[in-house]
Amino acid sequence: MKIFKKVGIALVMMIALGFSGCGDSNTQNENNPSVEYGGDTEGDNDISKYTNADWLYQNYFGEYGFPNELKWMMLPELQMIANGFAMQYAKGEDVQKSILHLNTAMTTSYYSGKLNSMAQSMQEGYQEGLYNVHDVNQTVLNHQKTTRKITAETQKNINESIKRKKQYKKEQEELVKKYHLPYSIPDKVTKTIIYSPAMKDSGGKSGLVDKINKYSHDTKFSGLDKWDWSNADFFWTNGTGGIGHMGLIDASDRNGFCVVIDSMPGVGVQSHYGLTDYANKSGNSDWTTIEGYEYTAWSPSDSKRNDVLQFAYSRVGKTSYSLLVSKNNRNKSYCSSFIWQAFYDSGVNLDSDGGFFVWPRDITNHSSVMMFNSQNR
């Protein structure tokens, strides 16, 4: 039960915070949008309009100049926000505060020009076909290529991860019925990204081999660097309450430790030496599952894997973090969009369903992406 609360309500907060933290323009639009609020949010708890995704789109996007042909890109997130408000109201929580927070963030973003910037970015991407689900390698994906040999023990761990996902989905469906939520919950449980404070560390190759050689059976996660990683594989970890984070893997280190390249709030794209060390940082204590994934259309020795890593390293210290940016914006990214960018630069579209956002499960659900290892604690 706790899981969906974290997903639904956290999404409201993350979307609002994302609006207030993206874009570069400081200009004010001359024509004020005719925004209609759904009742007195400071008084009577009338949230009927705020639990309608179509109304949310018109109120927060349509009236702000977003073209109607882009509506489909935003509806999944708006449905989650509507569910979050509905659940807060059903549980007697302070939904007014959440609504006011969203209203304030949207108004601020409008007058700063950030919403207009986002609308322009979406329109340009739409015209370029950026949001169409099409993998340029699709013709060769009928027979997936992989040399991974999965042991019985590893397969057992993978099956456990799959079982947890099914259980999570079942709990979500039960919550929809229990609280009479207006929308079903998408199969992609990682619709938003939450990070622990320690993930804002300076990153970089700070862990030397003598420091790394401390792993033992009593660590939370052990031996992650020793998995059968290939260059440009990536990991997913559930994080808080099933919410996810992703990182790209460089497996070429001669000492046998992986280098993780990822995008994080506060620091943007950074690298970290040693996946096991990274996973066992005290601030990542909410990680209970780590899954390893590969893009199966490339063999482990395919040179395109090095091209992906070359792109990733070229963005270290240069790409900042932002949630609401176009997929192909190389100056700003979030964890899953950064991985999408790295592969897209080599001609592969890892987004399984298209849209403005590319979330972790959009990538792991791709038909040519396979989980090859998992560790659960």
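Values reported hereafter were calculated over all heavy atoms of this structure, with side chains retained and with hydrogens, waters and symmetry mates removed.
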### Message
Is it the case that the side chains of Asn59 and Tyr50 hold a donor-acceptor pair, with the cut-off being a distance below 3.5 Å and no angle test?
### Response
no
### Query
Would a 4.5 Å heavy-atom cut-off, applied to side chains only, mark Val269 and Ser333 as touching?
yes
### Message
Applying side chain to side chain donor-acceptor pair (under 3.5 Å) to Thr151 and Thr154, what does each step give before you reach the verdict?
### Response
CA-CA 5 Å; Thr151 66; Thr154 298; 3.0 Å; yes
### Message
Within the 4.5 Å heavy-atom criterion, are Lys49 and Gln58 side-chain neighbours or not?
### Response
no
### Message
Just checking Tyr334 against Trp359, ring centres under 6.0 Å apart?
### Response
yes
### Message
Measuring only between side-chain heavy atoms, which start at C-beta, is Ile158 closer than 4.5 Å to Ile150?
### Response
yes
### Query
Excluding sequence neighbours, so at least two apart, what forms side-chain hydrogen bond (donor to acceptor under 3.5 Å, both in side chains) with Ser303?
none
### Query
So, the side chain of Gln375 versus the backbone of Ser222: is there a donor-acceptor pair under 3.5 Å, distance only?
yes
### Query
Do Leu350 and Tyr295 come close enough that some side-chain heavy atom pair is under 4.5 Å?
yes
### More than 12 heavy atoms of other groups within 6.0 Å of Gln310 CD
no
### Task
Measure the acute angle between the ring planes of Tyr344 and Trp340, then classify it against the limits of 30° and 60° as parallel, tilted or perpendicular.
parallel
### Message
When you compare the side chains of Asn159 and Gln155, does any donor N or O come within less than 3.5 Å of an acceptor on the partner?
### Response
yes
### Task
Check salt bridge (charged side-chain N to carboxylate O under 4.0 Å, His left out) between Glu173 and all other residues, then give those that pass, not counting sequence neighbours.
none
### Message
Asp307 vs Ser346, test: side chain to side chain donor-acceptor pair (under 3.5 Å). Steps then yes/no.
### Response
CA-CA 7 Å; Asp307 294 338; Ser346 291; 4.7 Å; no
### Query
Would a distance-only check, ignoring hydrogens and angles, find a side-chain to backbone donor-acceptor pair under 3.5 Å from Asp302 to Arg305?
no
### Query
Hey, does Asn52 have a side-chain heavy atom less than 4.5 Å from the side chain of Tyr57?
no
### Check: Glu69 and Tyr126 side chains under 4.5 Å, non-hydrogen atoms
yes
### Message
I want to know whether Tyr278 and Trp287 have ring centres closer than 6.0 Å.
### Response
yes
### Query
How long is the span from the OG1 atom in Thr51 to the CZ atom in Phe85, to the nearest 0.5 Å?
10.0 Å
### Query
Do the side-chain N and O atoms of Asn365 and Ser352 include a donor-acceptor pair separated by under 3.5 angstrom?
no
### Query
Which pair of non-hydrogen atoms, one from Phe343 and one from Ala232, has the smallest distance, and what is that distance?
CZ-O, 3.3 Å
### Query
Salt-bridged, Glu291 to Lys165, with N to O below 4.0 Å?
yes
### Met246 to Asp262 - nearest heavy-atom pair and separation
O-CB, 3.6 Å
### Query
Does some side-chain heavy atom of Ile249 sit less than 4.5 Å from a side-chain heavy atom of Asn231?
no
### Message
Can a side-chain donor-acceptor contact be found between Ser161 and Asn376 if the only test is distance below 3.5 angstrom?
### Response
yes
### Query
If we only count heavy atoms from C-beta on, is the Phe356 to Met118 side-chain gap below 4.5 Å?
yes
### Query
Between Ser112 and Ser109, does any side-chain donor sit less than 3.5 Å from a side-chain acceptor?
no
### Query
Would you say the side-chain atoms of Ser320 pair up with the backbone N or O of Asn331, donor to acceptor, closer than 3.5 Å?
yes
### Minimum heavy-atom distance Pro182-Asn83, with the two atoms named
CD-OD1, 3.2 Å
### Message
When you measure from the side chain of Asp225 to the backbone of Cys258, do you find a donor-acceptor pair of N or O atoms at a distance under 3.5 Å?
### Response
yes
### Message
Taking the basic N atoms (NZ, or NE/NH1/NH2) and the acidic carboxylate oxygens, is any pair closer than 4.0 Å for Lys178 and Glu174?
### Response
no
#### Entry: Cation-pi check, Lys226 onto Phe257 ring (under 6.0 Å, within 45° of axis)
yes
### Message
Under the rule for ring-ring contact (aromatic ring centres under 6.0 Å, His included), what residues qualify as partners of Trp229, not counting sequence neighbours?
### Response
Trp227, Phe372
### Task
To the nearest 0.5 angstrom, please state how far the CD atom of Gln341 sits from the CZ atom of Arg315.
8.0 Å
### Task
Mind running side chain to side chain donor-acceptor pair (under 3.5 Å) on Asn157 and Glu153 for me, showing each step along the way?
CA-CA 7 Å; Asn157 291 335; Glu153 181 180 359; 5.1 Å; no
### Message
With clusters defined by side-chain heavy atoms of hydrophobic residues (ILVMFWY) lying less than 4.5 Å apart, directly or transitively, does Met371 cluster with Trp236?
### Response
yes
### Message
According to salt bridge (Lys or Arg N to Asp or Glu O under 4.0 Å), does anything in residues 334-345 pair up with another residue at least two apart or in another chain? List the pairs.
### Response
Arg330-Asp345
### Query
Is a side-chain N or O of His366 found less than 3.5 angstrom from the main chain of Asn349, in a donor-acceptor match?
yes
### Message
Which residues pass the side chain to side chain contact (heavy atoms under 4.5 Å, CB included) test with Lys166, not counting sequence neighbours?
### Response
Ile162
### Query
Quick one: salt bridge (charged side-chain N to carboxylate O under 4.0 Å, His left out) partners of Lys71, sequence neighbours excluded?
Asp54
